[in-house]
Amino acid sequence: MPEAIDPHLADYANLRDVELRKSMEAEHGLFIAEGEKVIRRAVAAGYPVRSVLLTSRWAGPLADLLGPLGDRVHVVDDAVMEEVTGFQVHRGALAAMERLPLPEVEDLLSGREARRAPAEHTARSDGEPGSDSPAPRGASAEDAAHSESGPGSGFPAPRGVSAEPVAPRRVLILEDLVDHGNVGAIFRCAAALGVEAVILSPRCADPLYRRSVKVSMGAVFAIPYARMTDWYAGLAELREAGFRTLALTPDQSATPMDKVAMADRVALLLGSEGDGLSSRWLREADEAVCIPMSPAAMDMGVDSLNVVAAAAIACHGLMRAG
């Protein structure tokens with residue numbers, strides 16, 4: 001980070017350097033939410049806000065969230081935003097958020113997943129809303145006045161949690177997907193179609209990496225997920241929890257997704273972008289399933305879909321008896 005950049009903005013430095021960001025975010029337990037909608041969804045899901053970096057035109061629309069944060073809000077011009085982050089931030093607002101502990105796979109499958117932080121802890125406010133909290137860094141008097149008079153005075157409440165734990169019945173298992181955009185898009189498909197949980201293999205990309213969050217439009221906050229610690233025995237844990245496992249493959253000799261017999265609890269396995277599912281998981285799954293391809297397309301060598309398109313179709317099929 002250049003010396004001229006305010007050290008308070010270190011969380012936002014070099015957002016396009018993937019390897020640097022992965023190590024930095026893991027070390028400091030943070031992630032970056034980009035854009036008003038995504039920031040609001042992260043806050044509503046209970047993730048505490050470390051700070052916000054935004055251009056002046058977003059101080060008004062986000063006023064209700066910024067008030068309690070005081071001097072942890074940094075208002076800068078477009079040039080400074082681009083200098084700090086390393087690219088032009090079209091959505092004009094970034095928030096550095098604190099990560100919450102992930103549930104264990106066993107707890108997720110049983111419905112005992114980790115609860116979100118209480119609303120009063122989410123804001124991490126330095127004073128009561130409407131008190132004499134410092135104005136945002138770099139904000140004009142007009143911006144500060146707008147912030148004080150904005151709709152509401154605190155953060156939205158976290159998403160509701162039922163009194164009784166509910167065990168998921170339809171689950172996606174992602175094996176070694178390494179593209180953050182694909183992971184985010186699959187979370188969006190899963191959330192939109194009603195899949196109740198996602199489980200990641202140990203080497204799967206981070207759903208809270210900035211691009212994953214951005215592509216998912218905040219869907220990564222809407223659906224519970226956990227990460228396996230033991231890939232080798234991962235499917236055994238699913239079987240012990242009563243799940244029937246379906247391995248999605250481009251092999252057209254597999255059972256068509258719309259013909260497969262569904263059980264009460266079903267887990268759909270999706271493999272990596274290039275190689276698909278590992279031979280071990282294909283062999284251990286209860287049944288291999290496919291999305292039927294057009295014979296004409298097959299004749300032309302088009303024998304599969306990309307993993308996001310396949311995930312969307314397969315999730316729809318997974319939920320038909322859900």
Original post:
Is any NZ, NE, NH1 or NH2 atom of the basic residue among Arg99 and Asp206 found under 4.0 Å from an Asp or Glu carboxylate oxygen of the other?
Top reply: yes
Original post:
For the side chain of Gln252 and the backbone of Cys290, is there at least one donor-acceptor N/O pair under 3.5 Å apart?
Top reply: no
Original post:
Are there more than 12 heavy atoms of other residues, nucleotides or ligands under 6.0 Å from atom CD of Glu237?
Top reply: yes
Original post:
If you measure from OG1 on Thr55 to NE2 on His74, what distance do you get to the nearest 0.5 Å?
Top reply: 14.5 Å
**OP:** For atom CD of Glu287, decide whether the heavy atoms of other residues, nucleotides or ligands shown that lie under 6.0 angstrom number more than 12.
**Re:** yes
Original post:
Near Asn306 CG, under 6.0 Å, is it more than 12 heavy atoms from other residues, nucleotides or ligands?
Top reply: yes
Subject >> Expected output: side-chain Arg265 to main-chain Pro168 donor-acceptor under 3.5 Å >> reply: yes
**OP:** Please assess Glu34 against Lys214 for the test salt bridge (Lys or Arg N to Asp or Glu O under 4.0 Å), listing each intermediate value before the final yes or no.
**Re:** CA-CA 6 Å; Glu34 180 178 351; Lys214 181 179 178 181; 3.7 Å; yes
Original post:
Can Glu175 and Ser201 be counted as having a side-chain donor-acceptor contact under 3.5 angstrom?
Top reply: no
**OP:** For atom CZ of Arg211, decide whether the heavy atoms of other residues, nucleotides or ligands shown that lie under 6.0 angstrom number more than 12.
**Re:** no
**OP:** Show your working on side-chain contact (heavy atoms from CB on, under 4.5 Å) between Leu208 and Val220 and close with a plain yes or no.
**Re:** CA-CA 7 Å; Leu208 293 185; Val220 294; 4.0 Å; yes
Original post:
If only atom types and distance count, is the side chain of Arg244 paired as donor or acceptor with the main-chain N or O of Ala285 below 3.5 Å?
Top reply: no
Subject >> Donor on one side chain, acceptor on other, Arg112 and Ser110, under 3.5 Å >> reply: yes
Original post:
Hey, is the main chain of Phe31 close enough, under 3.5 Å, to the side chain of Glu25 for a donor-acceptor pair?
Top reply: no
